[in-house]
Structure formats: structure tokens, C-alpha cells
Amino acid sequence: MGVTDVGDIVVMRDREGVTLRPRIFVHDGYAITFLPVGANASSYTWRLNHGRFDRALYDQGEPAGLADNESRRVPLPFGFPYFGRLWQDLYLNSSGAVSFGEPMRADTEIMLAKVNLGPPAILAAYAEVLLSRSTGGVRFLARPDLFAVTWLDVTVMEPWGTPNIGTFQLRLYPDGRIDLEYVRVPTVRALLGLVSGNTSGKAELVSFALDAPREFSSTLVERIFFGYPQPDLVTVAQRFFATHEDAYDFLIVYSALPWPGGYYQNPSGGTVVLRDSTAGIGRPPIDEGLTWASGKRLRSVINMGDLYLLFQFGEDNPPAPPDGIIPLLSSQEATPMSTLAHQVGHLFGAFVSVERPELVRRFPMLDLSHTHWSYYLNNGGSFLGGYAFVRDGADSRGEIYRCLGLNHRYSELDLYLMGLIPIEHVPKFSFIEMEYDTSPFLSDYDYGCQSLPGVLRQIDPRELIDRYGPRAPDHRTSQKQWRAAFIVLIPDQGELPYDRIAQVDTYRLAFENYFFRHTQGLARMETELTHGPNQARPSSPPRR
């Protein structure tokens, strides 16, 4: 599998779908026809045709009546064979797919492994479709000889928040034939193809335009992805747990893959929370651990980006030390340690805010994504956003507040949300209310530290209890001992890059002390690998 332990670092080779690479969608104006083979379409083959989009099927159809990320169960006008079973109805999903037996919703992370564990489905263009922002919509037409679903001029969100417009159509026939018709599908993260469903078996990836048609009897899809290369975190987790115990709360992934063309990942990282039942933190419970091959413990998977360049002071210089400023994040005074503390903190924040309907920013404690503290929040400079402001005179616009600190601690509010202190230990804090907000859509946390005009408004933290309820479990019974596994992705071939492994090992060891110090000694982060009865402890990397 290409997974090796080097000391307390897991080294994973780039193979078997570990990495998402850019792939441009080439099917606009074409149709993919899936031809059934065997009884009840137990298997399929395919062919690529010139497009035959039929606008009349949309105009004559019935509106599906779907909102964003909704599904509707509808009867079929005939028994439809699909992967060995005859179906009498299906679910229309706003997410660019139809499914059998249960609805199928999409989120911002379009994950192949998650889709494969879901219901049987036909993916026309499975993506984050936002019908609330669309000029068209979804309609279906049921006839004795045809069942058609059309997504016309629907808005599909790209990962970086830019909307694109797509039009595509799905047609089902009584003999089991399937047509996927594309007029325009934006180049975003999307999946298209056939899903046999409810299986943890390997899902195959293909290019329906470039690969030779062949027969297949289980999930076969094409993955469209546009952007910089990045890890497929679900696949990374699945490969990790194939060789390691389910004994970790966090998987922390660094990349030592050299990308051609200068495509490197954001050094601030990114977090996926997959299991949490904490109440009172502003986020509903979630448990998708089985998709990630964790049956009981894993809580969060963190992508920390590329070690090349981004955590260095230049290609010919040594790696950034744990407390060294990352050049690309110098405006935030971010270091390898503070960025990691930031991503770990996302397990519990930042999702809570008082509500002020009369303000431009109705939830003044949060940024626009509602996952970080706002630039305007005076919380002493949390790892998760917010700053420390002091009054610095006044001018014609009102009082002026100057930023003193940022991105250097877990605030008392963070510690409460992490279950480490009671709400009584969270002091009152404040936010800057601007009489006129010249930039209501400011990206907040990335904006940088500067002086602002406005009025400082106080917040009593007990308002959050009134709005969200108390945190449960509270500081007396919450988890305070955490374990993280550090993973380095390396090229499929070649020698082990011991310098990069040593770099991550330095961060690993430093973070234990860093986390303990910034949680005021109330929590610990263990970073050594566990070794069960079937796991021999590997040797450490050679000293260089």
C-alpha cells in the first residue's frame, strides 16, 4: 500500500487515489450513453455520442420543487433495472444526481469514498448545486417510454466560492439504458457516472471520453476537479487505518510532493470535522467516521499543505522552524505552530455569535464563512481570528482603534468551547461597530491588522448560553487528552525524503508543548504513534 512508519511519522506514497489532480471537463456538447449488460442491468458498458439535448423535455416537465440540498421521491413510469435490481421509484436530488432507496445530498467536499458508501445512484453532475441562486431549475418528465430529469441553468459553487452555471440532462429508458447529456457543466469539483451503492469496495475512476469503453459491474465514475493538486483526505484516512489502529482524534497531513508548474497548497491548511457530538458550540452533531474508515474515535482530518516552499524561507534555505513566520502568511504573523493550533481549534470553533439584526453584520462575532472569529472581534487575538484592539484617538469618523495583537493564543472563549474552562471564566469581550461599513463583505481574517474607526460594543458571554445552550460535556467531564497522527505524503517512487520527514517530526514534537502551553496546561496532545499487537515499532530515520 505504500504506507511506512518512520519513527512517529507516517509516510504515505502517492498512489491509489491519494491525490486529487486537476482534470478539465471535456464533455460539453456530448452525451454519455450507458448500455446495460445481463439480467436487470447487472453490468454496463458505455459510449460517447454527440449531444442531443432536448429542451422540450424540460419545458414539458414538472418542477421538482427542490430547495438547496433537498430531495424528492417520485414514482417511475416503468420498472427500471439498475445493477441487478428493478426499481419502481427514485429520489430526485438537487445535487445533480438521482438515487435509489434513499436521498443523496451533497456538501462542499464531493468525496468519492463517501458516495460509494451511499445509495445506488446515477451522477449526472454531482456537485454543490444552489437552486436558490439559479435562474433555471430542476424539472422531470415521466412517460411510458422515458423518464427525464433536467437541471437547466443551475448555479454550481466552486470550492473558492465563485458561482458557475450548468445545464445537463439525465434520461432513463425501460430497457435500462441511461443517457447523460451535457450542454454546459462548469469546471468544478464534480462526479459523474454510475454508483452501485452501499459498498466499501474500490470505486474505479475513468475518463469516459479518453478511455476505451469496457464492461463494469460496480461503481465507475469520472472525477472532474479544477484547481491545484491536493490530497484526497478520505483516501488518505482509509489507507492510514488499513495499517494503523483506530486510536487517534486527529490526522494531520503534510505534503512533500513536488508539483509541476508551481501548484502549491495554501500553507494555512484546512480542516474536515467528521465526528463530534458536542452541544452548545453552534454546530449540529456529525458522525461520518465510517466513511473515513474510523469506527469509533477519529474526530478531524487536517490538511496542512505543502512543505516545499510554503514552510520554508526559500528553496535554498532551511525549513521554517516551528516558531518562524511563514512568508506567505506574514500579515497574520502565522507560524507552523499557530497554523496547526488554528486547524486543531476548528473542531470546536468558531461557530457561535450573538445576533444583532440591526447591524450590517448580523452575527458580529463571526466572519462571512461563519467558521472564524471576525476581524472586528476584540478577543485578544485568537488562533481562530479576532484581534486585540486599543483606543488610539479619534477623528471625524469617531473613535479609532488600533490593533495590537493577533493569532497568538486560544482565547478564553476558545478554551470554553474546547471544554477546558467554565463560562464564568470567560471575561466580557467586545466588537467594533462601524457607523458605516465600507466593506461589509470583507474577508475578515485575511485582511490584516490595521486601525479602524467605530464604537466598541461589549458582549456578555452568557448571551451565548442563552442562544446555544451550555456546552456539553462541560469542563468537568470533557475530553482533555488528545492524540494526533502526523502523515507525510511523498512521491510514489524514490527514496524516503528524510529531510522532510525530520521537518515534520520537529513540528510534531514542538506542538505537544505548544498545545499544552496554549491550553493553559488543561489539555495535552499526544503525537506518538500507537503500536498494537500486530504493529512492530519501526526504526527512526537516520540522523542527518
Side-chain angles (χ1 to χ4, degrees), residues 1-24 111-113 201-207 210-212 214 220-244 251-267 269-270 292-293 301-312 314-320 485-508 529 531 534-544:
M1 291 185 64
V3 180
T4 305
D5 291 356
V6 181
D8 286 299
I9 302 298
V10 179
V11 181
M12 187 175 295
R13 296 280 184 182
D14 179 21
R15 61 180 67 155
E16 299 174 0
V18 161
T19 301
L20 289 168
R21 289 177 170 80
R23 194 169 194 175
I24 305 301
M111 302 173 183
L112 177 58
K202 184 178 180 181
E204 294 188 74
L205 291 171
V206 71
S207 169
L210 303 178
D211 293 343
R214 58 180 172 81
L220 187 75
V221 300
E222 181 168 357
R223 179 166 57 194
I224 289 81
F225 173 72
F226 182 74
Y228 50 79
Q230 60 182 274
D232 184 329
L233 295 180
V234 176
T235 301
V236 170
Q238 291 175 339
R239 289 185 61 194
F240 173 85
F241 286 116
T243 54
H244 293 78
L251 299 184
I252 299 170
V253 183
Y254 291 87
S255 173
L257 297 170
W259 300 119
Y263 288 103
Y264 292 97
Q265 294 175 63
N266 190 321
W292 301 70
V301 180
I302 298 172
N303 174 20
M304 288 303 299
D306 287 280
L307 290 167
Y308 286 94
L309 299 180
L310 299 183
F311 285 126
Q312 297 183 89
E315 184 66 28
D316 298 325
N317 295 318
F486 282 67
I487 302 171
V488 179
L489 304 183
I490 67 172
D492 186 26
Q493 304 294 330
E495 297 182 357
L496 294 178
Y498 285 112
D499 54 342
R500 301 300 175 190
I501 296 170
Q503 181 181 354
V504 174
D505 198 49
T506 299
Y507 297 158
R508 176 189 70 81
L529 295 176
H531 297 277
N534 297 322
Q535 291 178 265
R537 186 171 182 81
S539 60
S540 297
R543 295 184 181 275
R544 295 293 178 100

Original post:
Within the distance-only criterion (no hydrogens, no angle test), does the side chain of D211 pair as donor or acceptor with the backbone N or O of S207 below 3.5 angstrom?
Top reply: yes
Subject >> Electrostatic pair D492-R15, nearest N-O below 4.0 angstrom >> reply: yes
Original post:
Any side-chain heavy-atom pair from L496 and V11 closer than 4.5 angstrom?
Top reply: yes
Original post:
For P491, does its backbone N or O pair with a side-chain atom of R13 as donor and acceptor, under 3.5 Å?
Top reply: yes
Subject >> Shortest non-hydrogen contact between M12 and F240, atoms and distance >> reply: CE-N, 3.9 Å
**OP:** For side chain to side chain contact (heavy atoms under 4.5 Å, CB included), just list the numbers for I252 and M304, CA-CA rounded to whole Å, side-chain angles, deciding distance to a tenth of an Å, and then say yes or no.
**Re:** CA-CA 7 Å; I252 299 170; M304 288 303 299; 3.7 Å; yes
**OP:** Return the set of residues passing side chain to side chain contact (heavy atoms under 4.5 Å, CB included) with A256 (not counting sequence neighbours), or none when no residue passes.
**Re:** L307, Y308, V488, I490, R500
Original post:
Does G7 offer a backbone N or O that forms a donor-acceptor pair with the side chain of D5 under 3.5 Å?
Top reply: no
Original post:
Does V236 reach the side chain of L489, with side-chain heavy atoms less than 4.5 Å apart?
Top reply: yes
Original post:
Do R508 and D8 touch side chain to side chain, with heavy atoms closer than 4.5 Å?
Top reply: yes
Original post:
How would you list, by chain and number, every residue that makes a side chain to side chain contact (heavy atoms under 4.5 Å, CB included) with A237, sequence neighbours excluded?
Top reply: L251, W292
Original post:
Say you draw a straight line from CD1 of I9 to OH of Y498; how long is it, rounded to the nearest 0.5 Å?
Top reply: 13.0 Å
Original post:
Just how far is it from atom CG of D306 to atom OH of Y254, taken to the nearest 0.5 Å?
Top reply: 12.0 Å
